[in-house]
Structures are given as C-alpha cells and as structure tokens.
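What follows is a single structure, written as structure tokens, with notes after it.
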Amino acid sequence: MNNQSWMQRDLNVLWHPCSQMKDYAADGLPLIPIKSGQGVWLEDFDGNRYLDAISSWWVNLFGHANPAINQAIKAQLDTLEHVILGGFSHQAAIELAEKLVEITPPNLDKCFYADNGSSAIEIALKMSFHYWRNLGKGQKTQFITLENSYHGETLGALAVGNVALYKETYAPLLMDVISVASPDCFYREAEESWEAYSIRRFAEMERTLAEHADSVCAVIVEPLVQCAGNMRMYHPSYLRLLRQACDKYQVHLIADEIAVGFGRTGTLFACEQAAISPDFICLSKGLTGGYLPLSAVLTSNQVYQAFYDDYQKLTAFLHSHSYTGNALGCRAALATIDLFQSSDVLAHNRQLAALLAKYTAQFHDHPNVAEVRQTGMILAIELVKNKQTREAYPWQQRRGLKVYQYALSQGVLLRPLGNVIYFMPPYIITEAEIKRMTEVAWQGIQYAEQD
Ligand SMILES: *Cc1c(COP(=O)(O)O)cnc(C)c1O
C-alpha cells in the first residue's frame, strides 16, 4: 500500500478537521498518510520524510515515539487502561494532579480533568459562572475576551474566541461576550516598545471592567501568544495589569495555556513571566507530550470551597466526560513532566530559541515580510504584499498554502496560518534541522511569489 492507495481509501470514508475536503479530493492538495514517526521526523508510505516543524498542531514536545513516554504508557497499559473517575480514582490521576498543583503558579490547588482543550475551556467558564452563582451573585453571567483570541471549537469555547474564520458561521448559536481590543504588538507604532504598547492597550480593558464588573464572571486570555490568531504576541505587563484589575473588580482571570504551557514561551507556564496566578489555568496539548487526549483545569481552594457543601444544597459541579482522567493519558503526562525535571529543558530551549532567531535573521529584510516575532519556542513571520503600508495579500490567493505545499515537497511540515509562517518545533530539534526548516521556509516564500 502506497500513499496513493491510502489516500483513496481515506477519501472514501474520512472527513478531515479544519479542511475543505475538495482541496484533497479534486484540487490536487496531497493528503499525506503517515506510517511512522521518530523524533522530529514523520515518514509516509512512499518513504518520504517530513520534519514536523509545528509539533503536529502544537502538541508534541519531546519528539514522536519518545522512548521514555512510550515506556511509561506501555507499563500503564498492562496495569490499568482506564477507570471511571466518578467515585473511583487511580494512581496516575492522583500523582499527576499532585504534580500539576506543584508545578503550576501558586494558588492553583485543585485539578479537574477532561479530555481535550475545548472541554477544559467549557469547564473553566462553567466553574467561574457557577462559583459566583453559589455565592449569590447569579447576575454575573458574561465573559470578557480579547479580540483575535482562540479558545477551541465547541460552542462555549467558540463564543469566547474571536477568530472570524472559525466563528462567524456559527454566530447565531453563540452566547454574547464582551470583546476588548487585543494587546497584540503587531499594531504598535514604529518606535513603540512591546511593553509600552501592551500597557497602552490595557486602558480599554480597565474601562470595560469598570463598566461591566457586576455582570462579568471572568476575563479569559491566552497568555503572551494568541496562537491560532496568527501567532500574535504581547508583553507580560498586560497580564500583570489584568491580574490587578480582576482583583479590584472581583472578576476571575482564566488563563488558557493550552498552547503556550509546558515551556513554549520560555518559562514552564507563560503566566510566570508576569509573576501572576490566574484563578483558572487550562492545560492540554503539550500536557501529554503530544501522545494522548487529556486536559486539566486547575483552580484555587477558594473556588473549590464555594462548591463544597451538603449534597442537598445542590452546589456541586456536576460536569463530566467519559474519558476524564484517562490513566494512559495521565501516565503520558507524568512521563512528560519527568522529562522536564530530569534535565534543564528550559535552558536548552533558550539555546534553541536563539538558533531560531539566528537562522531567521535574514527574513527581517525580505520585501514581503512585515515582521518576524518570537516568544521563546514560537517564531512567526508575517508575510504582506507591501512592506511599507503592511497591506495584506488577498486571502483568496492562499499564499500560505503555497508555502505549505512547497515545504512538503522539500520534506518539511509547515502549516502557515493565513499569511503567517511560523515555527513551533519539538524541543529535541537539532541546529541542522532548524537550519533546514528555515531555509525551506525562505525558498517557499520565493516559490509562492512566482505565481
Ligand atoms: C488548541 C487550543 C484550544 C482547543 O483545544 P482542543 O484540544 O483542540 O479542543 C483552546 N485554546 C487554545 C489556546 C488552543 O491553542
């Protein structure tokens, strides 16, 4: 069986995520069946290899088929694959909750599991609302969100997100939210620092909180990087101000670290760079090293206590998912966290981040690059039609897609977001591999220019 025959069988029965299926079925976009993965490399059924420069949608941290994680899952598999978490518990769920309480910022004392990122967002939203309700503040029903944010695809998560491409179609189904301008530093003035701009942008958040605090449960943000929103970035000072304002106005702060957690931004959690603790932190993606679907919401004892009462008071949080706290997922997560603790991954990532900067230095002067921006292990290149005016390429041209196709032909998996090419590689990538993937991206931009 080669690529072509797998692709045929696939197209007969499979409907792929985030895809116009006609691209594959009729318009020549290859659908690539992967046979195996090893480290940063994926191999298809024709024997082609692809450097996974985007960590398979931002989930992989320590490479495909990582021996330590493989071993941990195999041992767990022979002991217990899964058990109901209502009324029952198990060793891996307990150990992981202990670990997460230990390594996340202070005052996150209790861990609630789910099985994907969007569900973690739904849980944080419901818990925040329900907390205020249990305190007799049932009039708090709204959420404040940042423009250009992304929090997942289920209806609640989609409602608090802000990327039009994913949201607009479903607008009639979604709860109303209060949107505030993003601190996204792409729009700062030429001489303005990231910090000055992000602080300036906070004024609107402060005004909105002052006006709506009585009806607002929580503010939800992606700390430091709005990943699905074209890898737009902002300064930690915004989070520091936001924490102060949330305290002042008695509103929760929900940190969606689903994409930025576990070392992506340079610290283990992005909130650390602002020295803040959110009231809720949502974790998934890198949580299991990219192995298994699992998510967790951590919150404070104070929130936990507002639900804790006699059953008859009906204050309990009655939310559940069938695979909540799956044992294999928890074991993969424990093995992943062990890898962070058995060597100085964050120091190593600082070296890798410097190499990412070094090998993309030439992009700054490219006539169609408006900005090269970086936060830790995320580096993004914003392509524009006009460098001076920053006029964007018409989206219909699908320039990013051309870069994607070119890169695939050269053995690199890039997956541009619109006209933004980015690198978010596993933490085991080598200098030679960084050099290769950035060269291919450079050539891909030239290739996309040609037609
Ligand atoms: C991916 C993502 C989600 C949604 O997680 P899923 O597991 O895909 O449902 C939520 N928030 C952020 C910031 C994400 O990047």
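For reference, positions follow the sequence shown, starting with 1. Order of listing sets the numbers, starting from 1, for every ligand and every atom in it.
Using a 4.0 Å cut-off between charged side-chain N and carboxylate O, Glu192 and Arg200 make a salt bridge.
Below 30°, between 30° and 60°, or above 60°: for Trp6 and Phe45 the angle between ring planes is between 30° and 60°, a tilted geometry.
Not counting sequence neighbours, Glu153 has no partner by the salt bridge (Lys or Arg N to Asp or Glu O under 4.0 Å) test.
The aromatic ring centres of Tyr427 and His348 sit 6.0 Å or more apart.
Ordered by chain and residue number, the residues placing a heavy atom less than 4.0 Å from ligand 1 are Trp58, Asn116, Gly117, Ser118, Tyr150, His151, Gly152, Glu222, Asp256, Ile258, Ala259, Lys285.
Around atom CZ of Arg436, more than 12 heavy atoms belonging to other residues, nucleotides or ligands sit under 6.0 Å away.
Cation-pi geometry between Lys140 and Trp132 is satisfied (NZ or CZ under 6.0 Å from the ring centre, within 45° of the ring normal).
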